[in-house]
Number of protein chains: 2
Amino acid sequence: MTTHLPQNHPEMPEEINGLRMTRQRQEVYRFLMGERSHPTANEVFMRIKEALPNVSLATVYNCLEALVQHNVIRQVNFDREPSRYCPNLDEHGHFHDETTGTIHDIKFKPGINLTDILDLPPNTVIKDIEITLRGQLAAS
Amino acid sequence: MTTHLPQNHPEMPEEINGLRMTRQRQEVYRFLMGERSHPTANEVFMRIKEALPNVSLATVYNCLEALVQHNVIRQVNFDREPSRYCPNLDEHGHFHDETTGTIHDIKFKPGINLTDILDLPPNTVIKDIEITLRGQLAAS
DNA sequence: CTATATGCAAATAGTTTGCCTGTTA
DNA sequence: TAACAGGCAAACTATTTGCATATAG
């Protein structure tokens, strides 16, 4: 039975996409990688406090922003609700099930290129696309 | 030269989609209908103050929410920025040009049904779809 | 030793709420 | 006259910032 966590996770690289992986960033990243629930900053905070009791919410925000800026995770926004974070870097959308409050990744059907269906002005450089759906997942 | 606006705009119906069109809601709605710039609540507020000097920002928020709830206008959110409001009820997306800060409606190419390209779970009832793009509109 | 990251508390900004008054059906 | 809408200020909440300390290259 271990009483203390090691200072660093051995399987965690020192850097991801040029971002130095400090202990706090490691915990944030590790937690997100194992989650499909698209947690909020506060949920990440609550969870990694178990491993890092002194971590602050501001640091969690800083870590999340650093990871987003370095394309390690994605930030997902639903209306005016708190931002959520997603480890899935594939191009995909998000479905917000109003009944349960859960969020599901939505893939595109194979062979679909999103820009093909949008009537974009010429010479447009798209940096990011966000597709969010809201509705209900009826019981089958 | 008119010195005062009439109490109500003659061309404005008393009700839209079951929503009673008070003087404040009329001004908010009329302004939005003539705008393609997707104004924020504060921009609406600044503008309709010209016609209604005593209007309050809270009332503008209330009017906007009432209009959104009754499907008279749409609310558009970009990341964590202030909500914007759009009089275009057709299914469409929004492109945020980072260079100018402007927002453009993006139509879908003809014959495209959005749900056709999404790999949705069965029995899903979609209430709302939001597509937002961020990027740059290069000078042609 | 210099830059960067953390922790904490305070500040910020958009939005909402409470309460009282005014208006409308 | 009962329900709803408006105006104002205060409250709320997610997020950011300033600053002092700690850590890393």
Side-chain angles (χ1 to χ4, degrees), chain A residues 5-9 12-29 38-46 48-70 72-73 75-85 101, chain B residues 5-9 12-29 31 38-46 48-70 72-85 101:
Chain A
L5 285 168
Q7 185 63 18
N8 282 287
H9 295 283
M12 182 72 63
E14 307 231 319
E15 248 186 37
I16 301 182
N17 289 358
L19 179 69
R20 207 173 91 219
M21 291 303 279
T22 64
R23 186 72 214 288
Q24 288 82 348
R25 289 175 186 159
Q26 288 176 20
E27 289 297 335
V28 169
Y29 180 55
H38 302 81
T40 62
N42 198 56
E43 286 163 356
V44 174
F45 173 58
M46 307 274 262
I48 73 168
K49 254 201 305 205
E50 294 169 15
L52 296 171
N54 292 321
V55 77
S56 73
L57 180 55
T59 294
V60 170
Y61 273 106
N62 289 340
C63 291
L64 289 167
E65 197 197 333
L67 292 165
V68 169
Q69 292 307 322
H70 287 75
V72 184
I73 61 174
Q75 182 171 9
V76 182
N77 296 301
F78 282 91
D79 301 316
R80 303 263 91 212
E81 289 174 19
S83 287
R84 296 176 170 275
Y85 298 88
Chain B
L5 286 168
Q7 185 65 19
N8 284 287
H9 294 284
M12 182 71 64
E14 308 232 315
E15 248 186 38
I16 301 183
N17 289 0
L19 179 68
R20 209 173 90 218
M21 291 302 280
T22 64
R23 185 73 211 287
Q24 287 82 348
R25 290 175 186 161
Q26 288 176 21
E27 289 297 335
V28 169
Y29 180 56
F31 170 52
H38 302 80
T40 63
N42 197 56
E43 286 163 355
V44 174
F45 173 57
M46 307 274 263
I48 73 168
K49 253 199 309 205
E50 294 168 17
L52 296 171
N54 293 322
V55 77
S56 71
L57 180 55
T59 294
V60 170
Y61 273 106
N62 289 339
C63 291
L64 289 167
E65 197 198 333
L67 292 164
V68 169
Q69 292 307 320
H70 287 77
V72 184
I73 61 174
R74 286 190 60 187
Q75 183 171 8
V76 183
N77 296 300
F78 283 91
D79 301 317
R80 303 264 90 212
E81 289 175 18
S83 287
R84 296 177 169 274
Y85 298 88

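Residue numbering restarts at 1 for every chain, and letters A, B, ... go by the order of the sequence lines.
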side-chain N/O A:Tyr61 vs D:dT15 OP1/OP2, d < 4.0 Å: yes

Length of the line joining A:Gln69:CD and D:dT15:C1', which is rounded to integer Å: 15 Å

Report the distance from atom CG of A:Asp79 to atom C1' of D:dT13, rounded to the nearest whole Å. 16 Å

Sole residue of A:Ile16, A:Val28, A:Asn62 in side-chain contact (heavy atoms from CB on, under 4.5 Å) with A:Leu67: A:Val28

A:Asn42 atom CG is separated from D:dT16 atom P, nearest whole Å, by 14 Å

Which nucleotide in C:dA5, D:dG6, D:dG7 has an atom nearest any side-chain atom of A:Arg25: C:dA5

Tell me which of B:Glu14 and B:Arg84 sits closer to the 5' end of DNA chain C, going by the nucleotide each one is nearest to. B:Arg84

Side-chain contact, heavy-atom cut-off 4.5 Å: A:Leu52 with A:Gln24? yes

Phosphate OP1/OP2 of D:dG6 contacted by B:Thr22 side-chain N/O (<4.0 Å): yes

Report the C-alpha distance between B:Gln26 and B:Arg23 in whole Å, list the side-chain angles of each, state the deciding distance to 0.1 Å, and finish with yes or no for side chain to side chain contact (heavy atoms under 4.5 Å, CB included). CA-CA 5 Å; B:Gln26 288 176 21; B:Arg23 185 73 211 287; 4.3 Å; yes

So B:Val60 and B:Glu27, do their side chains get closer than 4.5 Å, heavy atoms only? no

Which of these nucleotides, D:dC4, D:dT15, C:dT6, is closest to any side-chain atom of B:Arg20? D:dC4

5'-most contact on DNA chain D: B:Arg80 or B:Gln24, nearest heavy atom basis? B:Gln24

Taking only the side-chain heavy atoms of B:Asn54 (C-beta and beyond), determine which of C:dT15, C:dA5, D:dG7 contains the nearest atom. D:dG7

Rounded interatomic separation in angstrom, taking CG from B:Leu57 and P from C:dT15: 9 Å

Check the phosphate of D:dG6 against B:Ser56, side-chain N and O only, distance under 4.0 Å to OP1 or OP2. Yes or no? no

Once you round it to whole Å, what is the distance between C1' of D:dT16 and CG of A:Leu64? 14 Å

By the 4.0 Å heavy-atom rule, please label A:Thr40 as base, sugar-phosphate, or nothing. nothing

Which nucleotide, C:dT15, D:dG6, C:dT6, lies nearest any side-chain atom of B:Thr59? D:dG6

Selection from D:dT15, D:dA9, C:dG14 that lies nearest to any side-chain heavy atom of B:Ala58: D:dA9

In this structure, how many angstroms lie between the P atom of C:dT15 and the CD atom of B:Glu81, rounded? 11 Å

What is the distance, rounded to the nearest whole Å, between atom CZ of A:Phe78 and atom C1' of D:dA14? 17 Å

For atom CE of B:Met21 and atom P of D:dC4, their distance in whole Å: 18 Å

Determine whether B:Arg25 and B:Arg20 satisfy the following criterion, side chain to side chain contact (heavy atoms under 4.5 Å, CB included), listing intermediate values before the conclusion. CA-CA 8 Å; B:Arg25 290 175 186 161; B:Arg20 209 173 90 218; 4.2 Å; yes

Taking D:dA14, D:dG6, C:dA5 as options, the one with an atom nearest any side-chain atom of A:Pro82 is D:dA14

